[in-house]
S.K.: 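Structure below; questions to follow.
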Amino acid sequence: MQIVRVALDLPLHRFFDYLVPESEMVSAGDVGLRVRVPFGRQSKIGILVELAQASDIPVAQLKSIEAVLRDLSPLPADWFRLSEFCAAYYQVPLGEVMLTTLPAGLRRIHPPKARGSRRLTKAPPPHDAPTLTAEQMSALATMANAGPGFHAYLLHGVTGSGKTEVYLRLVERALAAGKQALLLVPEINLTPQLEARVTARFPTAGLVSLHSELSEAARTRNWRAAHEGTARIVLGTRLAIFTPMPELGLIIVDEEHDSSFKQQDGMRYSARDVAVFRALERGVLIVLGSATPSLESWANATDGRIPARYTLLTLRERAVASARLPVVQRIDTRREKLSDGLSGALLLAIEKRLARGEQSLIFLNRRGYAPVLACTVCGWISHCTRCAANLVLHLADGRLRCHHCGFEAHVPKACPTCGNQDIQPFGRGTQRLESILAERFPRARLLRVDRDSAKSRKQWEILVAKIYSGEADILVGTQMLAKGHDFPKLTLVGALGADAALFASDWRSPERLFAQLMQVAGRAGRAELPGEMLIQTQFPDHPLYAALVRHDYPAFADEQLKEREQAGFPPYSSQAMLRAEAPQIADALAFLTTARAWPEAVAHPAVTLYDPVPMRLARRANLERAQLLIESPSRRALQAFLSAWCHLINSIKASSRLRWHLEVDPLEF
Ligand code: ADP
Ligand code: ZN
Ligand code: ZN
């Protein structure tokens, strides 16, 4: 009887042995096929990973494979290596990595039948390539001269500098060489735009997109086209990094700094980092592009002491000469009495835009009407009963809503504690800002763009079309509006409430703030009209704002990196976070304490384990959460430590209501 090893989606660090019945005999070339196997009382889809000589389990106890699925050609060897890398780096069982990164349609026993035929998106008008600017040309020449093989580039270019055009030229070169190209973007919302642009340039390349809003059948079909090589261009969000592509020749990660590349549950991977590994392993070109690179990537490209893995390419000027960068100004709000949170200078600037028929965008990164509802008589505040957080007032639909667990309640007519009828919203969110502006500018057409007004991609597209066609005068929006869109009539951006992020306890928050402000600023004045950004702040002299005024990302990044180095934070150290949650905080802390007490951990020369602490938002959805930070100056030492430690953690006996996970390279604290 033939014996094979099968990877299954189970939280166990091992494979499973099965017998192969006569009728299904396999050969070495079948490794990588999917198989259906009995497991417990059900069947599961697994992946054939190895033909085995023998099994540790007596043959009499082995079960037989039910079927070898030959509808899909075997998963290739490089896909196995990619899965192995992720399993080892993120400390996740290999079977889990392999199965969860496949489209659901390929790992289910009964996938839903595809309905209808392939929906063809309207073919956009063919698009001629513009003549390259000198900077674009020089960036492309550098990459072309590097020759074949692995090369990693960080393409740093201000918004509108023509990074996308550089990507398109690289894709053109890859296609001409008979290669496939993989383009990663952070947000589903950004795919239709880029998809249209890429298809217009390469109408016959069989571009497919891959993201989580596709139907299961469509995702499977697109994935299969990439795997079979009929799709020459794959455009997708983070999950697309795992798509097998036999002739992969180019990987592009656009907006590489964006935190959407980080998966926040299951296997907590960074698609950007996985992409770099994949390019290295496949020996191909990778380009990470951004106007505000992550500090990790910046250090990788500029700090001579870090063995430089990326080559820096810079686009300083906007591609269209007339589209100058917006003028950024600070409005010192200490010197002026604001009315409803708005300064005179900002109101005046909006008025001017209205008179000229141009658009303004007021950026406030807080959705809802007000962050909290409170009783001024007894001190009651709208608190989430399940989280250590306040319920946000959403006046538009008359609800109080928790932004952490989704809990909802009616807005009470009176204080639930003392009966006072005069309960007050405190602070301002986008909804309130919208009504304040509507009152001030009664003739202006207002449009609010946040996750409440653009819940689905469809709604989002409708809003974008409205802005584009000039059906709105004043936009109120969160960071949703910051990314990627050109609005030709938008010439003013006002930023409110930015200061909070300057002093937030998360040391990455200045980095995020700078990127966000730089991106929203980039929305203003992209076409023929010059743009202006006004930042309301009580800290106008803060170096972050000073760098922003000069559009000087390098100055900001270098300053931040100095601080990081002094504090020993990444990229000058590597981190991992062990988190536990349980109904009682004591249980979560006890679990972490047990994990920390492992003698090898305590005594490890290169790895520091900090004390377990409750998380900043300690209670969420009725679970108490605690975390333990692990840090090392050496990534390799940390990795070696984690893989040994993980086995120990797995053996800790904890209550069945306790959940834990390990996150490597955590982004949020
Ligand atoms: P980025 O991706 O850096 O934001 P894009 O590639 O989208 O920049 O370019 C910004 C705008 O400039 C687009 O409208 C694009 O069509 C145009 N553009 C890019 N490169 C050139 C060029 N070489 N000549 C003329 N226009 C260009
Ligand atoms: Zn009260
Ligand atoms: Zn809650």
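First listed ligand is number 1; within each ligand, the first listed atom is number 1.
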S.K.: Can you check whether His394 and Tyr369 have ring centres sitting under 6.0 Å from each other?
M.R.: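 For His394 and Tyr369, the ring centres are not under 6.0 Å apart.
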
S.K.: Quick check for you: with the Zn ion (ligand 3) as the vertex, what angle do SG of Cys387 and SG of Cys384 span, to 10°?
M.R.: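 Between SG of Cys387 and SG of Cys384, the angle at the Zn ion (ligand 3) is about 110°.
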
S.K.: Would Thr478 and Arg366 count as having a side-chain donor-acceptor pair, cut-off 3.5 Å?
M.R.: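 Note: Thr478 and Arg366 side chains miss the donor-acceptor criterion.
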
S.K.: Hey, what's the ring geometry for Phe514 with Phe556, parallel, tilted or perpendicular (30° and 60° as the breaks)?
M.R.: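 Phe514 and Phe556: parallel rings.
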
S.K.: So, is His403 placed with an N/O/S atom under 2.8 Å from the Zn ion (ligand 3), counting both backbone and side chain?
M.R.: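 His403 does not place any N, O or S atom closer than 2.8 Å to the Zn ion (ligand 3).
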
S.K.: I need the SG(Cys402)-the Zn ion (ligand 3)-SG(Cys405) angle, rounded to 10 degrees.
M.R.: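 Vertex the Zn ion (ligand 3), arms to SG of Cys402 and SG of Cys405: 110°.
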
S.K.: Would you call Lys163 and Glu255 a salt bridge, taking side-chain N to carboxylate O under 4.0 Å as the test?
M.R.: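 No, this pair does not count.
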
S.K.: Could you please compute the angle at the Zn ion (ligand 2) from SG of Cys375 to SG of Cys415, rounded to 10°?
M.R.: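 Seen from the Zn ion (ligand 2), SG and SG are separated by roughly 110°.
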
S.K.: Report the angle formed at the Zn ion (ligand 2) by atom SG of Cys378 and atom SG of Cys418, rounding to the nearest 10°.
M.R.: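 For SG of Cys378 and SG of Cys418, the angle centred on the Zn ion (ligand 2) reads 110°.
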
S.K.: Atom OH of residue position Tyr468 - does it have more than 12 heavy atoms of other residues, nucleotides or ligands inside 6.0 Å?
M.R.: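 No, OH of Tyr468 has 12 or fewer neighbouring heavy atoms, counting only those of other groups under 6.0 Å.
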
S.K.: Return a yes/no value for Gln136: is any of its N or O atoms, backbone included, closer than 3.5 angstrom to an N or O of ligand 1?
M.R.: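 The answer is yes, given that Gln136 and ligand 1 share an N or O pair closer than 3.5 Å.
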
S.K.: Examine His404 and say whether one of its N/O/S atoms is closer to the Zn ion (ligand 3) than 2.8 Å.
M.R.: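 No - counting backbone and side chain alike, His404 has no N, O or S atom under 2.8 Å.
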
S.K.: Could you tell me whether Thr164 approaches ligand 1 through its side chain, its backbone, both or neither, with non-hydrogen atoms closer than 4.0 Å?
M.R.: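 Under 4.0 Å from ligand 1, Thr164 contributes backbone and side-chain atoms.
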
S.K.: What atoms of ligand 1 come within less than 4.0 Å of a heavy atom belonging to Pro130?
M.R.: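 Reading through ligand 1 atom by atom, the close ones are 21 (C), 22 (C), 24 (N), 25 (C).
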
S.K.: Looking only at N/O atoms, are Gly157 and ligand 1 under 3.5 Å apart anywhere?
M.R.: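 No, no N or O pair falls under 3.5 Å.
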
